[in-house]
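Worksheet: one structure, shown below.
Naming convention: chains lettered A, B, ... in sequence-line order (proteins, then strands); numbering from 1 in each chain.
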Amino acid sequence: MEKDTYLKPLFKGNPITVLVLGICSSLAVTVQLKGALVMALSVTLVTAFSSLFISLLRNTIPNRVRIIVQLVVVAMFVILIDQALKAFSYDTSKMLSVYIGLIITNCIIMGRIEAFALGNKPWPSFVDGAFNGLGYGMILIIVAFFRELFGSGTLLGFQIIPQSWYIENGGWYANNGLMILPPMALILLGCVVWIHRSIDKELQEQ
Amino acid sequence: MNTNSNIYTIIYTTVLVVIVAAILAIVASALKPRQTANVELEQMKSIMLAANIGETNGQPDKKADFKKLYDQHITDTFVIDENGNKVQGVDAFHVDLKSQYNAIKNGGKLTLPVYKCKLDNGEEVTVLPCYGAGLWGAIWGYLSVKADGQTLQGAMFAHASETPGLGGEIAEPWFYNQFDGKTLADAAGAFSSVKIVKGGAGNDRNGVDAISGATITSRSLQNTIEQWMNYYKQILGE
Amino acid sequence: MMDYINIFIKSIFVENMVFSFFLGMCSYLAVSKNVKTATGLGLAVIFVLTITLPLNYLLYEYVLKAGALTWLSPNLAGVDLSFLSYIVYIAMIATFVQIVEMFVEKFSPSLYASLGIFLPLIAVNCAILGGSLFMQERGYSNVGEAFTFGLGSGIGWFLAIVAMAAIREKLAYSNVPKPLKGLGLAFIITGLMGIAFMSFMGFQL
């Protein structure tokens, strides 16, 4: 297998910043790093396993109901993750609420199945799915890192900005409330794209 | 084999759906007891925290076994109707608060749960739930009232989807601990629900600090508490 | 009546699918390059949301919810199929979209030419599934409310994509830093529009 299978989804072919896939379901979970981590992990698992599964079935799927078959398989994995979270990590499942269900329509998964898994052997499909999930998770984590750090002064719930800096305690610092609001996720994402494309000039749009 | 024929398509989808449904049914029923236990534990934890049990310095105890605490401290549970009369044969713990909220809105028959709880110092408090709509989704919580029927022992709130850091702060200890020691009565002793007001409620007997930047969640919570306590005031202090 | 108006206004402005929940972003970004196609996709989304939401509501209330099957036989009161809800919703949406596509193609080729190409895109539009999931989470009390919510969110999405397309058409002539051109700027503008839409928050009739 070529090195590209691993590296491309992380940078040059990053599903979010380059392919513009899968933004929908998850920016809302980037307020806190923990949500973003769980979401990244769940999406990686679902993409990897549904790619594997579809790739195994690829020669038997009737073309006319292709999309529905894919959706059923993806939905099955999502429900498994949802059920497992509810049973073993109830707090996280409450935090992510409907966004776990929305993984089903995350375009990355369908995109990779259509573009890769339907025409490739199971193992490469699995790797492709997993690394696309990771490339996507990476962006989520970057956005969540800045939003939690500047919005709440914490990371994964631990206080990072010293308490003595805050105005309430006689300091000079205040959390940036704007970071917590949903639109900030998009603006940060825009900045990530900006930086990414400044480094990699080939990706710039004409 | 022709994978595009009608018969093949129909058989294929049927088999796939049956297999998927079977897998999911097995997993779901295997995990069901754990999930129900999680939900029930969460409810017990809320009730205990509202009575300030299982808290150290106002923070929930990470190691506390809330199921055990609940069994130890809750002495009696019952259900009342809209006139404050006890209703027989309804399990208070499993009353669906959301359906009660809808019934309050539409003026239907109510079955409101009441929990009697004995504190470590022997005092008895009454823990009462409330449930309403916040800015984005549902908010709910429990208030515990001392035997005088006015003084709050404590409170605890939770929400489905308020903004973290803004409306979501109602579920944080700094917010709900403010309710400790407040009263459900004005200076003359008449019933008056808790006011959630902006900017320093300080020593006000029934006011607490609102969350800055979350006016709507604060206001909804105030209305929700008032709405439910209006029914419960009939049985308080008895 | 007031309840319906409230849900309707709220789902268009306050709980806008794009600006508050980032749903349906993929097709929103891909198709918002000119107003005409954006209008086509927007209309298709309104249509599909308005129909599938009440249908999924009925499925949830009478088939999936814990104890929902009691109308069949009282013995089924203990059956809880809600774990199947995701799969049932998405299958419902995909099937509906496919049926509509076939009908439109057969009976109105002109409509198919303008709308048809967007229909397959819609099955995987998160705004549609999101609508059904929010409907379940918020627990609307009857079909009418679910219908109003579907219609409102559809219109909200339509507004968002048409407004965005109009802005992007103008942006084509602006001088923006090269790395920001296209996608990066689209994100930032959506964010700014989201902030503007936040002023509707707490809007209540």
Side-chain angles (χ1 to χ4, degrees), chain A residues 16-28 64-65 67-68 70-72 74-76 78-80 82-83 86 97-111 178 181-201 203-206, chain C residues 16-30 83-91 93-95 97-98 120-121 123-130 132-138 176-198 201:
Chain A
I16 292 190
T17 59
V18 181
L19 304 179
V20 209
L21 291 177
I23 301 133
C24 344
S25 58
S26 344
L27 279 181
R64 255 183 306 167
V65 291
I67 302 275
I68 294 185
Q70 290 165 2
L71 283 173
V72 167
V74 174
M76 178 182 82
V78 172
I79 295 177
L80 288 180
D82 183 47
Q83 294 286 323
K86 272 191 190 139
S97 66
V98 297
Y99 291 97
I100 286 285
L102 285 172
I103 296 178
I104 298 173
T105 47
N106 190 316
C107 336
I108 294 178
I109 302 172
M110 295 298 284
L178 199 59
L181 302 178
M184 235 13 229
L186 284 169
I187 295 180
L188 277 176
L189 193 57
C191 297
V192 172
V193 173
W194 190 356
I195 295 168
H196 187 195
R197 293 188 177 183
S198 309
I199 300 168
D200 199 334
K201 295 213 163 44
L203 296 173
Q204 290 173 9
E205 285 169 49
Q206 289 316 306
Chain C
N16 188 290
M17 282 284 180
V18 174
F19 296 132
S20 312
F21 299 113
F22 316 114
L23 294 183
M25 287 295 281
C26 309
S27 28
Y28 165 84
L29 288 166
F83 66 93
L84 283 177
S85 60
Y86 298 163
I87 227 166
V88 171
Y89 292 162
I90 195 74
I93 292 167
T95 319
V97 167
Q98 207 128 55
L121 263 180
V124 288
N125 186 324
C126 342
I128 312 280
L129 181 65
S132 292
L133 293 180
F134 281 127
M135 174 267 295
Q136 181 188 334
E137 196 201 43
R138 295 184 190 150
V176 286
K178 268 220 168 101
L180 199 55
K181 210 164 184 174
L183 184 62
L185 199 59
F187 280 138
I188 293 180
I189 287 177
T190 313
L192 293 176
M193 286 163 81
I195 291 178
F197 263 67
M198 286 189 76
M201 231 200 238

- Note on the structure: Residue from A:S198, A:A185, A:C191, A:G190 scoring the most non-hydrogen pairs under 4.5 Å with chain C is A:G190
- Closest approach of C:K181 and A:R197, non-hydrogen atoms and distance? O-NH1, 3.8 Å
- Message: Looking at every heavy atom in both A:P182 and C:S20, which two are closest together, and how far apart are they?
- Response: CB-O, 4.0 Å
- Message: Report which part of C:L180 has an atom under 4.5 Å of a heavy atom belonging to chain A: side chain, backbone, both, or neither.
- Response: both
- Task: Identify the two heavy atoms, one from C:M198 and one from A:L181, that lie closest to each other, and give their separation to 0.1 Å.
- Result: CE-CD2, 3.5 Å
- Task: Go through the atoms of C:T95 and report whether side chain, backbone, both or neither lie under 4.5 Å from a heavy atom of chain A.
- Result: both
- Task: Would you give the length of the straight line joining atom CG of A:L186 to atom OG1 of C:T190, rounded to the nearest 0.5 angstrom?
- Result: 6.0 Å
- Message: To check you understand the geometry: which heavy-atom pair defines the closest contact between A:L102 and C:L23, and what is its length?
- Response: CD1-CD2, 3.5 Å
- Note on the structure: Greatest number of non-hydrogen atom pairs under 4.5 angstrom with chain A, of C:Y28, C:F83, C:F197, C:F19, falls to C:F83
- Over all heavy atoms of both residues, which pair between C:P177 and A:W194 is shortest? Give the atoms and the distance, please. CG-CZ2, 4.2 Å
- Item | Side-chain heavy-atom pair C:Q98, A:I67 within 4.5 angstrom cut-off | no
- Item | Atom pair OH/CD1 of C:Y86 and A:I104 - distance to nearest 0.5 Å | 7.0 Å
- Query: Among C:L129, C:I128, C:L133, which residue meets the side-chain contact (heavy atoms from CB on, under 4.5 Å) test with A:T105?
  - Reply: C:L129
- Please assess C:I195 against A:I187 for the test side chain to side chain contact (heavy atoms under 4.5 Å, CB included), listing each intermediate value before the final yes or no. CA-CA 10 Å; C:I195 291 178; A:I187 295 180; 4.2 Å; yes
- Item | Engaged part of A:D82 at the chain C interface, taking heavy atoms whose separation is under 4.5 Å | side chain
- Item | Point-to-point distance, once rounded to the nearest 0.5 Å, from CE of A:M184 to CG of C:L192 | 9.0 Å
